Amino acid sequence: MTPVLEARNLKRDYHIPGGLFKPAKTVHAVKGVSFNVEEGKTLAIVGESGCGKSTVARMVTMIDPITEGEMLIDGRKVDIASEPLTSEMRSKVQIVFQNPYGSLNPRKKIGDILTEPLVINTKIPAGERRDRAMAILKKVGLEEKHYGRYPHMFSGGQRQRVAIARALMLNPRLLVLDEPVSALDLSVQAQVLNLLADLQDEFHLTYVFISHDLSVVRHIADDVMVMYFGEAVEYGSRDQVFEDPQHAYTKTLFAATPRVDVDAIRARIERRKRAA
Amino acid sequence: MPLLEVKNLTVEFQTASGPFRAVDGVSLKVDEGEVLAIVGESGSGKSVSMLAAMGLLPWTAKVTADVLTFNGRDMQAMSDSDRRKIIGKDIAMIFQEPIASLNPCFTVGFQIEEVLRVHTDLGRKARRDRAIELFQSVGIPTPEERLGHFPHQMSGGQCQRVMIATALACNPKLLIADEPTTALDVTIQKQILDLLMKLQAEYGMGLIIITHDMGVVAETADRVIVQYKGRQIESADVLSLFENPKSVYTKALLSALPENAVGGRLPTITEKLTDAEIFAGALR
C-alpha cells in the first residue's frame with residue numbers, strides 16, 4: 001500500500017534579503033527530514049518553537065515550495081515550485097491552525113467560511129454547497145442554526161470545530177493539524193481530541209499532528225518525530241519513542257514535561273521540606 | 001497573620017445587558033513562603049480576582065469585599081497613592097505574555113531601572129548595579145550587554161526572565177504570577193518554573209500562581225484553589241487534591257488530562273455536568 005504522505009529528505013531554506021548595511025542571509029529552516037504516513041494513521045511532530053515543525057506543515061500543505069528533496073502525496077510527486085497547484089491536489093491536503101481566534105475571518109458568517117473552499121476549488125452549485133456545509137456542521141458537533149452566525153459568537157472550542165469543519169469540506173485525504181488544541185482549555189481540549197479521533201475513524205483520515213504537548217502526542221499519535229533545529233533527531237513508533245528515547249534532546253523534553261501523578265507530587269513536597 | 005487575606009470578594013462589570021458577576025464570593029489567604037495555585041478554565045475569574053485584589057481593574061468594575069488586607073493593612077480604605085507605593089514593590093505581578101507586557105519602545109534595562117527609580121532611593125549607578133545583579137539571579141547571560149537590548153531582540157523565555165527580574169526588583173513579599181509559562185515551550189517552562197521556585201525559597205516570598213495547567217500545579221503548588229465561573233469549587237493542599245479530589249468538577253478536570261486516558265477516548269464529563277451540579281459542593 002502506498003503511504004498517503006511520503007517525504008524524502010525535505011529541505012527548506014528561507015532567503016533573507018540584505019539591506020544597505022546588512023548582508024543577505026539564508027536560514028535553513030528544515031535540513032532534510034524524511035517520513036511516511038500510512039492511511040488512517042497519525043504522525044506527530046514534536047519540538048520547541050523555531051525547530052521547523054511549522055515549516056514542515058507549510059510544505060506538506062503546499063503553501064511553501066520545497067527547496068530540495070521529494071514529497072509524494074498519494075504516490076504522486078508534488079512540486080509547487082515548478083508546476084501550478086491543481087485544485088485536485090489542493091483538496092487532498094487541508095490544514096487546521098493553532099489559534100481559532102485568528103484563523104476565521106471575523107467578517108464572514110460560518111456558512112460562508114465553510115462553503116468558500118468549495119467555491120474556489122469546485123463547480124458545485126450553491127444549494128448543494130449549503131447542504132454539504134450543514135452536514136459537516138453536524139458532524140463536528142455544531143448545529144444547523146450556527147450556519148448564519150459570525151465567529152465572534154462562538155467560544156474557542158466551537159471555533160476550532162468550525163476550523164476543522166472547513167478543513168473537511170473538500171473531503172481531504174490528509175489533515176495537517178498545527179497545534180490544534182494548545183489554545184484551548186483542558187476539558188475543551190479533550191472534546192476536540194475526541195472529535196478528531198471520531199472523524200479519523202469515520203473518514204479514514206490521515207493526520208500530521210504538530211504539537212509541543214507530549215501528553216497530547218502520547219494520546220493521539222501512532223508515530224512520533226522529534227525535531228530539533230531543523231533536523232529530525234528521533235523518529236519511530238509512539239511506544240518506541242516514549243519508552244526508549246535515544247537522542248539527548250528527546251530525553252530533555254521528557255524530563256521537562258510536568259508530571260501530574262501523585263507519587264511525583266509527593267516526591268516534590270519531600271524535596272521541598274528537606275530544603276526548608 | 002497571613003500576608004494576603006481576602007474574604008468574600010465580588011467583582012461585577014457593567015454591561016449592556018445588566019451587571020455581570022465575574023467573581024462571586026472568593027476568599028483566600030496566602031502566608032509568607034507559601035505557594036498557592038489558582039486553577040480554572042478561561043472565564044473562571046482567576047485573573048480578575050487577583051487584579052481586583054491589587055486594585056488594577058478599570059473603573060467600570062465594581063469590587064466589594066468583606067476583608068481585603070495585605071500585611072495587615074486594609075487595601076480598600078487606602079488612598080490610590082498609598083496603594084501604588086505597595087504595588088510593584090511589596091506585591092509584584094508577572095503576566096502571561098512576556099513580549100506584550102514589556103514596552104517595545106524602551107530598552108529592558110530602562111524598564112527594570114524604572115521600577116527601582118519609582119520605589120527606591122537608589123542612585124543611578126546603584127540602580128544599574130542592582131539591575132545587573134537581578135539579571136544574573138534570573139539567569140540572563142551577559143547582563144551588562146542585555147540591559148541595552150529592546151524586547152524584540154530577545155526570545156519569549158528571555159523576556160519572561162526580564163519580567164521576573166523586574167517583579168523581584170524591590171524584594172516583594174508577595175509575587176503573583178498570572179499564567180507565567182503558558183506562552184512558552186515545555187523545556188523553557190521547566191526552566192522558568194524551576195527559577196520561580198528557587199527564587200521563592202530564597203526570598204521566602206508568598207507566591208500565587210494562576211494557571212489552567214494541571215501540570216504546572218503539580219510541579220509547584222503547596223495549596224490549590226479550583227475556580228469555576230467566578231466561584232470557588234474546591235480548596236485543598238496539592239497532594240489531597242490530586243489523590244482524592246472532593247468535587248465532581250475537579251474529578252472531571254483531572255480525568256480529562258490526556259495522561260489519565262483509558263483507551264482511545266478522553267472522558268469529557270464536564271460537558272455533561274450542569275452548573276448546578278458543579279456548584280453543589282462550592283465553597284461559600
Side-chain angles (χ1 to χ4, degrees), chain A residues 46-51 53 141 155-157 181-198 200-201 211-221 228 249-273 275-276, chain B residues 33 35 39-44 155-157 181-191 193-194 197-198 200-201 204 212-222 228 237-244 249 252-261 263-271 273:
Chain A
V46 190
E48 59 190 5
S49 51
C51 75
K53 55 189 197 296
S155 67
V181 293
S182 55
L184 305 177
D185 277 326
L186 193 54
S187 58
V188 181
Q189 165 180 311
Q191 291 165 22
V192 172
L193 288 176
N194 282 343
L195 171 69
L196 287 172
D198 290 343
Q200 185 164 40
D201 289 344
S211 180
H212 64 258
D213 188 338
L214 287 166
S215 57
V216 171
V217 167
R218 189 168 201 166
H219 176 71
I220 200 165
Y228 188 59
Y249 175 69
T250 320
K251 288 175 189 163
T252 323
L253 206 59
F254 287 154
T257 306
R259 299 186 42 200
V260 291
D261 55 303
V262 178
D263 294 333
I265 298 171
R266 199 171 274 140
R268 175 177 68 80
I269 292 172
E270 278 302 311
R271 273 202 309 278
R272 207 165 134 77
K273 269 199 198 125
Chain B
V35 184
V39 203
E41 300 181 66
S42 47
S44 62
S155 66
T181 57
T182 306
L184 306 173
D185 284 322
V186 265
T187 41
I188 313 293
Q189 162 168 306
K190 170 92 176 147
Q191 291 169 14
L193 288 181
D194 285 350
M197 297 312 288
K198 189 186 125 227
Q200 186 270 337
H212 68 265
D213 188 338
M214 281 294 178
V216 172
V217 176
E219 292 274 320
T220 55
D222 296 327
Y228 178 75
D237 66 273
V238 64
L239 202 55
S240 39
L241 186 93
F242 279 89
E243 215 166 22
N244 182 20
Y249 178 68
L253 215 53
L254 287 173
S255 66
L257 285 170
E259 291 91 326
N260 295 347
R265 287 184 65 85
L266 292 163
T268 50
I269 316 167
T270 42
E271 250 178 316
L273 286 176

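Residue numbers start from 1 in every chain, and the chains themselves are labelled A, B, ... in the order their sequence lines are given, proteins ahead of strands. Bear in mind that the values here come from a model prediction, so they are computed numbers and not experimental data.
- Taking Ser240(B) as the reference, Ala236(B), Asp237(B) meet the side-chain contact (heavy atoms from CB on, under 4.5 Å) condition, with sequence neighbours excluded.
- Looking at Thr220(B), the atoms closer than 4.5 Å to chain A (heavy atoms on both sides) all sit in the backbone: N, CA, C or O.
- Among Gln189(A), Arg218(A), Arg266(A), His212(A), the residue making the largest number of heavy-atom pairs under 4.5 Å with chain B is Arg266(A).
- Checked against Val46(A) for a side chain to side chain contact (heavy atoms under 4.5 Å, CB included), the options Val216(A), Leu214(A), Thr250(A) give a single hit: Leu214(A).
- Interface check for chain A: of the options Glu243(B), Met197(B), Gln191(B), Met214(B), the most heavy-atom pairs under 4.5 Å are formed by Glu243(B).
- Listed options Ser155(A), Ala255(A), Pro258(A) were ranked by heavy-atom pairs under 4.5 angstrom with chain B; first place goes to Pro258(A).
- Under the rule for a salt bridge (charged side-chain N to carboxylate O under 4.0 Å, His left out), Asp201(A) has no partner lying at least two apart in sequence or in another chain.
- Only the side chain of Gln189(B) comes within less than 4.5 Å of a heavy atom in chain A; its backbone stays farther off.
- At least one donor-acceptor pair under 3.5 Å links the side chain of Asp213(B) to the backbone N or O of Gly215(B).
- The heavy-atom pair separating Thr187(B) from Ala256(A) by the smallest distance is CA-CB, 3.8 Å.
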